[in-house]
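Here is the structure we will look at.
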Amino acid sequence: MDKTYFISQSTSLTLVIIISLIFTVLGLYHSQKFKGLNNYLTANRNIGLFSLTTSMVASALGAWILFGPASAATWGGIGAVIGYALGTAFPMIFLIYLGQKIRKDFPKGSTLIEFLRKKFGKSLFKLILLMIVFYMFIFLCAEVTAVAILINYISGTELWITSLIILIGTLTYTLYGGLRASIFTDNIQMIVIGGLLIISTLYLINFTGDQFSFSYVQSKNPQLLSASYIPNFTAGLTFFIAVAATNLFHQGNWQRVYAAKNNDVLKKSLIISFIIIIPIVFFMGFTGLVAISADPKVVPDLGFFSLLLKEQTKLLSIIIVILGLALTISTVDTLINAISSLIIVDGKATFNLDKKTNYLVFSKYIIIVLSIIAFIVASKGFSVLYLFLLADLFCCAFVLTVFYSFYNKAINEKTAYISILIGLIGGFLLFPSPDFSKSLLVGILMSKELFAPFVSQSLLFLSFIVATFLPVVIFKLKKF
């Protein structure tokens, strides 16, 4: 059966073990020099420009970039590609302004929740905390599942083997070294990721003839580039809103905001990260446009691989495995440390535990339990896309209320609660069923025939739009 794969199972397994072991050893070794809770949570607030930038970019880019942008492009066209790229990068610009404000108002902080806990009451802050942990846990499941499926596709290696090795290795150094270990390994991982992406790009440009071009897509699938193709707009806005909203709640980003040596380093790092992220995600999305144009029957998730591995080159297969592992480990260690930091910092206000409880140790137990669940999900190959979209919907309903409250002191807990609740209800009514054919409002409570075709064909888009902007109605009504 090995002949049907690009490389042998033994080769891929060796790569998984070696790459995971290298990062584990490096993370453990580096962390020995930086101990204590401040290093675990915020790297002692002393991270310079290069380290902060590479860590920001590596954490933002996970294994999802190998699947998501290309898949979205096959039906959402150039709009989906642009929306994905801008949505991933936009939080970097937003954090320039909000990050400096947070550092000024809470110079000793380490999480977004700390601000919200002081701004709102206990019940609302707990709801926001639950939403953030839920989103990051789904992200964790998605990353481990994605790389396990990738390596299974290339070599036939069973999903559980890849999942187990990656989780054990990443947990080992991240739970020991915290943010210090995560940032240090991110630096190395980003260099590896950047180098391999450059090789992949040069190969596709130089060895695929005229295929890898806008003119080729225009000749085969002109609607994907057309301004009159509605999904170009709806998909673009959908991905921009969803990806941007979720990344604004990513605790890994907030930890790095606090970890910056000073505001000047933070600002420069975020601008550079923005500039780096856009072309990378855009390139990955563009491969989907080319792939669907070259082969209308291509599996959307495999658009990038269908082009790069067309000749079944062993060297390129190895490059893809290493790239996938570096992308995954850089994101997984960020997620593990981010969830752990939330439990450590906000645990006392959330859980009614004994006063002598060591929340650092408690957080590690929670992380291990969540990792076991993530392992089960990944080893079974369960699709987490729908849960991911649901987590996106939650973030969309929260985003304007939470971040507008930073600048509008008139937003109290009651106003925030009502606005978020209305946003969630509105979004849920339009949120599509797993087969995307109907929603609670369109097709269940009311016949689809009562709605314009655009509505039934754009349920995901409309659910995100409603969940995001309906809370604004509450702010406006409160003034009257």
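- Taking CD1 of Ile102 as the reference point, atom CH2 of Trp254 lies at 5.0 Å (rounded to 0.5 Å).
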Without placing hydrogens or testing angles, list every side-chain donor-acceptor pair under 3.5 Å for residues 127-134, not counting sequence neighbours.
none

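- When the salt bridge (charged side-chain N to carboxylate O under 4.0 Å, His left out) test is applied to Lys101, the partners found at least two apart in sequence or on another chain are Asp105.
- Residues that satisfy the side chain to side chain donor-acceptor pair (under 3.5 Å) test with Ser71, not counting sequence neighbours, are Asp301.
- Checked against side-chain contact (heavy atoms from CB on, under 4.5 Å), Ile149 has the following partners two or more places apart in sequence or in another chain: Thr145, Leu159.
- With sequence neighbours excluded, no residue satisfies salt bridge (charged side-chain N to carboxylate O under 4.0 Å, His left out) with Asp392.
- One finds the CG atom of Leu360 at 4.5 Å from the CD1 atom of Ile344 (value rounded to the nearest 0.5 Å).
- Applying the side chain to side chain donor-acceptor pair (under 3.5 Å) test to every pair with at least one member in residues 13-35, sequence neighbours left out, gives no pairs at all.
- Screening residues 82-114 for ring pair (Phe, Tyr, Trp, His ring centres under 6.0 Å), with sequence neighbours left out, gives Trp64-Tyr84, Tyr84-Phe239, Phe90-Phe240, Phe94-Phe403, Phe106-Phe115.
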Discussion item. Run the side-chain contact (heavy atoms from CB on, under 4.5 Å) test on Phe34 and Asn44 for me, step by step, so that the C-alpha distance in whole Å, both residues' side-chain angles and the decisive distance to 0.1 Å come before the verdict.
Written reply: CA-CA 9 Å; Phe34 304 97; Asn44 213 27; over 6 Å; no

Fill in: Stepwise side chain to side chain donor-acceptor pair (under 3.5 Å) check, Thr415 with Asn412
CA-CA 5 Å; Thr415 302; Asn412 54 33; 2.9 Å; yes

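- Across Leu400 and Thr468, no two heavy atoms sit closer than the pair CD1-O, 3.0 Å.
- Residues passing the side chain to side chain donor-acceptor pair (under 3.5 Å) test with Ser341 are Gln251, sequence neighbours excluded.
- Phe431 CZ to Leu460 CG: the interatomic distance, rounded to the nearest 0.5 Å, is 6.0 Å.
- Between atom CZ of residue Phe50 and atom OG of residue Ser55 there is a gap of 11.0 Å, rounded to the nearest 0.5 Å.
- Lys268 pairs by the salt bridge (charged side-chain N to carboxylate O under 4.0 Å, His left out) definition with Asp264, not counting sequence neighbours.
- Remark: aromatic rings of Phe461 and Phe233 are distant, center separation not under 6.0 Å.
- Contacts of Asp186 classified as salt bridge (charged side-chain N to carboxylate O under 4.0 Å, His left out), with partners at least two apart in sequence or in another chain: Arg256.
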Worksheet item: Passes side-chain contact (heavy atoms from CB on, under 4.5 Å), Leu325 versus Ile151? Steps please.
Response: CA-CA 9 Å; Leu325 289 169; Ile151 293 175; 3.9 Å; yes

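- In the model, Asn38 has no side-chain atom that pairs as donor or acceptor with a side-chain atom of Arg45 under 3.5 Å.
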Practice prompt. Start with the C-alpha gap between Val399 and Cys395, add the side-chain angles, then the distance that decides, and say whether side-chain contact (heavy atoms from CB on, under 4.5 Å) holds.
Written response: CA-CA 6 Å; Val399 67; Cys395 292; 5.8 Å; no

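- Qualifying ring-ring contact (aromatic ring centres under 6.0 Å, His included) partners for Phe305, counting only residues two or more places apart in sequence or in other chains: Phe67.
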Fill in: Worked verdict on Leu266 versus Val257 for side-chain contact (heavy atoms from CB on, under 4.5 Å)
CA-CA 7 Å; Leu266 176 64; Val257 165; 4.0 Å; yes

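- In this structure Val466 satisfies the side-chain contact (heavy atoms from CB on, under 4.5 Å) test together with Leu430, Leu470, sequence neighbours excluded.
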